[in-house]
Amino acid sequence: MGQTDEFAAGAWKDRQAAGMYKAYFIGAGPGNPDLLTLQGAERLKQSALVFAPEPFETTFATMLAGKEVLIPFDFDFADLVQCIEDRLKSAPVAFLIPGDLTFYSPFQALINHLGEAAEVIPGVGIANAASARLKRTLDLPGVRNRAIIVSPRTLGNEQGMPGLEDLAGKGASLLIYMNNLPLDELCHQLRVGYQADVPIMLVHRLGLPGEEIVRGTLDTIVQTTAGRDYFNLEDPTGKPALTLVIVGETLSSEVDGSWWDYRREHIWKKRPKENG
Ligand SMILES: C[S@@+](CC[C@H](N)C(=O)[O-])C[C@H]1O[C@@H](n2cnc3c(N)ncnc32)[C@H](O)[C@@H]1O
């Protein structure tokens, strides 16, 4: 029986009776509740206490009505665990995870600690939502051949390890999360790697009020942004901005029917089973 069926069949009520509740780590997408999965919505509905990082407490306000809503980053780890464990005695607890757990999610220590009491619900990652918004696959097999997820914040300075210049290069699309470099410095490093003027987009507050997509190339984007701080670099809290940077030729590459036909012929077409 699948987990959804299990819940439909009333197992949730049994669990409630036995006092065994779970903490749900719900992939909540970029911030627009329309992108919550059905499973995520169901688990959210069951939860009495919801930990919601900004701006989810606002954008999910309708679904959070009547629930207690706390900001997870107001707690240190021990207090957070204590709060969750106390509350799990009487009802499920939910966390709304920006995007979902797949990349750059801060909740792993909590999930490890909770073990069996934690359940993770997949969601629409920021890269998925950006791809849909731009109507572009972020690699383009046979035309561009690598899509690399990276953050200058976490690359580190270890000697001999690849930096942005090494990861950028012909045929690579970079998806840059949590950028903490001034835009001119970021473009400079990328330009060294690409050795060419390639397209770049700043996807800002995707799916949220104030959404903006700023388009340019490595040589023009600084001028296009006219000094606007899309990365919260001037914010004294140093909190990463809700801006995803996408760079690479994939943003401007076009393919036509021959691309489809080639790939159909070599990969997708159903072939008769070989004998033996
Ligand atoms: C901690 S990471 C979260 C990534 C997320 N776990 C995922 O699966 O996509 C936060 C970074 O994701 C990007 N991000 C999150 N929400 C965004 C949004 N609504 N619009 C654009 N970028 C966003 C920004 O680069 C931000 O600094």
Side-chain angles (χ1 to χ4, degrees), residues 24-37 39-40 51-61 71-74 94-112 118 120-139 147-156 164 167 173-183 185-187 189-190 200-216 221 225 228-248 251:
Y24 301 127
F25 291 82
I26 302 172
N32 172 352
D34 285 355
L35 294 182
L36 193 62
T37 65
Q39 194 182 44
F51 288 93
E54 293 169 288
F56 288 80
E57 81 290 7
T58 311
T59 56
F60 276 69
I71 297 177
F73 308 120
D74 286 348
F95 280 75
L96 293 180
I97 305 187
D100 80 354
L101 188 71
T102 318
F103 299 109
Y104 302 122
S105 188
F107 298 111
Q108 191 62 54
L110 213 45
I111 291 170
N112 289 353
V120 179
I121 317 292
V124 176
I126 309 307
N128 307 113
S131 156
R133 177 73 175 76
L134 302 176
K135 300 190 199 172
R136 286 200 171 265
T137 190
L138 297 178
D139 68 329
I148 301 171
I149 289 184
V150 69
S151 171
R153 249 176 215 270
T154 58
L155 272 181
L164 268 185
L167 297 170
S173 310
L174 295 192
L175 280 65
I176 304 174
Y177 287 72
M178 301 177 291
N179 173 53
N180 61 352
L181 297 174
L183 187 57
E185 173 58 23
L186 177 71
C187 289
Q189 292 190 19
L190 294 171
I200 180 168
M201 285 189 193
L202 312 185
V203 181
H204 180 62
R205 293 187 63 84
L206 183 65
L208 295 168
E211 178 185 288
E212 265 185 77
I213 312 283
V214 188
R215 297 160 200 265
I221 193 83
T225 55
R228 203 170 140 208
D229 178 16
Y230 284 95
F231 302 111
N232 277 356
L233 300 180
E234 287 152 25
D235 182 329
T237 66
K239 231 168 59 180
L242 298 182
T243 305
L244 177 69
V245 179
I246 305 177
V247 56
L251 291 173

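In this text, all values refer to a predicted model and were calculated from it rather than measured experimentally. Start at 1 and go down the list; that is how both ligands and their atoms are numbered.
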Heavy-atom pairs closer than 4.0 Å: do any link ligand 1 to the side chain of [X], the backbone, both, or neither?
X	result
Ala130	neither
Val203	backbone
Thr102	neither

Among the heavy atoms of Pro98, does any lie under 4.0 Å from an atom of ligand 1?
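It does; at least one heavy atom falls under 4.0 Å.
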
Ala241 to ligand 1, any heavy atom closer than 4.0 Å:
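Under 4.0 Å: yes for Ala241.
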
Of the listed options [options], closest to [atom] (non-hydrogen atoms):
atom	options	answer
atom 1 (C) of ligand 1	Phe231, Tyr177, Phe107, Tyr104	Tyr104
atom 8 (O) of ligand 1	Ile97, Asp100, Val124	Asp100
atom 25 (O) of ligand 1	Thr243, Val245, Leu206	Thr243

Derivation and outcome, side chain to side chain contact (heavy atoms under 4.5 Å, CB included), residues Glu212 and Tyr230:
CA-CA 10 Å; Glu212 265 185 77; Tyr230 284 95; 2.7 Å; yes

With distance as the sole test, does [X] use its side chain to make a donor-acceptor pair with the main-chain N or O of [Y] at under 3.5 Å?
X	Y	answer
Ser131	Arg136	yes
Ser151	Tyr177	yes
Thr225	Arg228	no

Quick one: are Leu164 and Leu181 in side-chain contact, heavy atoms under 4.5 Å?
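Side-chain contact under 4.5 Å: yes.
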
Is there a side-chain contact between Leu96 and Phe60 (heavy atoms, below 4.5 Å)?
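Leu96 vs Phe60: side chains touch.
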
At their closest point, which heavy atom of [X] faces which heavy atom of [Y], and how far apart are they?
X	Y	answer
Asn179	Leu233	O-CD2, 4.3 Å
Leu174	Leu167	CD2-O, 3.8 Å
Ala130	Leu206	N-CD2, 3.4 Å

Run the numbers for me: atoms of ligand 1, each under 4.0 Å from some heavy atom of Leu208, listed by number.
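Numbered from 1, ligand 1 contributes 19 (N).
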
Leu244 neighbourhood, listing ligand 1 atoms whose heavy-atom distance to it stays under 4.0 Å:
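Answer for ligand 1: 21 (C), 22 (N).
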
For [atom], grab the closest protein heavy atom and report residue, atom and distance to one decimal in Å.
atom	result
atom 10 (C) of ligand 1	Met178 CG, 3.9 Å
atom 23 (C) of ligand 1	Ile126 CG2, 3.5 Å
atom 4 (C) of ligand 1	Phe103 O, 3.4 Å

Ligand 1 to Ile176 polar contact by distance, N or O atoms, under 3.5 Å
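Not met; the criterion fails.
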
